[in-house]
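Data block below; observations after.
Ligands are counted one by one from 1 in listed order, and the atoms in each one are counted from 1 as well.
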Amino acid sequence: MAHRTALFKLLRVRCGAQQGPVRRALSSQAEAKPENMKPGQTHFGFQVVDEEEKTKKVHEVFETVAEKYDLMNDVMSAGIHRVWKDMFMQKLAPMPETKLLDMAGGTGDIAFRYIKYLENLKSVEGGRSSVTVCDINQNMLNVGKVRAQRLGYTPGSCSVDIDWVCADAEKLSFPDDTFNAYTIAFGIRNCTHIDKVLEEAYRVLTPGGRFMCLEFSQLPNSTLQWVYDQYSFQVIPVLGQLFVGQWKPYQYLVESIRQFPNQEKFKSMIEDAGFRQVTYENLTFGTCAIHSGFKI
Ligand SMILES: C[S@@+](CC[C@H](N)C(=O)[O-])C[C@H]1O[C@@H](n2cnc3c(N)ncnc32)[C@H](O)[C@@H]1O
């Protein structure tokens, strides 16, 4: 009983402490103008920071949450992220001989769905497929490798070649025209220079290759957006505190979602990088969106 009272007090204090800044941020800064920043500065959630500092801070976030990352995805989304990721893979519809680069692949959720999808295509003839899971954070990849072993996706016993590479999406060492598919799920908003990520995606794809991004987005309906904001800002950091003992990474998570460009703006950014036939599809009223484009 004493434990529950203490917990309740903690939540009340934390919620109270966050309400002021969050409300101010939502009203004045939800679409913070880049012109408010000095050259070399960017957003880390609602904070304005130097660009190198953002990269460091994002790294710290995922280092802190890596072990509980998968659990928290289920808790925060009530398991819905699994449906979004399944839809993402169905839209990609890989075939044998697909060479996928899964950028910001973290603990392997997209890669494992890709392997499963291809395994279910057993009757289709074709060469060997591969997936390169690439992430800037070795801790996230390490959790992914353990999961891969548990699932039996190890060299020799898996029909798809799987490779784990620690690298920054903004400067890749893969040669031009290496992959025929590039996915990035819930990763791009964490990158400091989205334009550089898109340029690199374009460079490493073969002509005809497909870029696909699954990312949180903006709800076109303002009432739904309000409800979603209440849940995001008032509940998600509390869940972080309860399940991981960490408030700040989850506050960053919700702030970073609000800072990410809306569906149309992001579509233009993908086109600016050179991709053609760029389209997007909203999932769950626009809570997130799948963008797709081709290097033609
Ligand atoms: C929210 S997780 C998404 C993981 C996985 N794609 C999923 O859907 O579960 C975001 C990932 O982006 C990675 N990340 C952040 N900045 C990156 C960068 N510049 N280059 C590559 N990965 C990056 C983080 O380390 C983290 O693993």
What atoms of ligand 1 come within less than 4.0 Å of a heavy atom belonging to M140?
27 (O)
Tell me the contacting part of F62 for ligand 1: side chain, backbone, both, or neither, using a 4.0 Å heavy-atom threshold, strictly below.
side chain
Closer than 4.0 Å to some heavy atom of A167 - which atoms of ligand 1 meet that?
20 (N), 21 (C)
Is there a donor in the side chain of Y69 and an acceptor in the side chain of N139, or the other way round, less than 3.5 Å apart?
no
Under 4.0 Å, counting heavy atoms only: does H81 come that close to any atom of ligand 1?
no
I need the single residue from K85, R82, K116 that forms a salt bridge (charged side-chain N to carboxylate O under 4.0 Å, His left out) with D109. Which is it?
K85
What I want to know is whether C191 and ligand 1 share at least one N or O pair that is separated by under 3.5 angstrom.
no
The option among Y69, F88, F186, W84 carrying the non-hydrogen atom nearest to atom 7 (C) of ligand 1 is Y69
Could you list which atoms of ligand 1 come closer than 4.0 Å to a heavy atom of D168?
18 (C), 19 (N), 20 (N)
Distance-minimising heavy-atom pair for M76 and Y231:
O-OH, 2.5 Å
Please confirm whether A66 approaches ligand 1 to less than 4.0 Å, judged on its heavy atoms.
no
With a 3.5 Å cut-off and no angle check, do the side chains of T154 and Q149 form a donor-acceptor pair?
no
Look at the aromatic rings of F46 and F233 and report parallel, tilted or perpendicular, splitting at 30° and 60°.
parallel
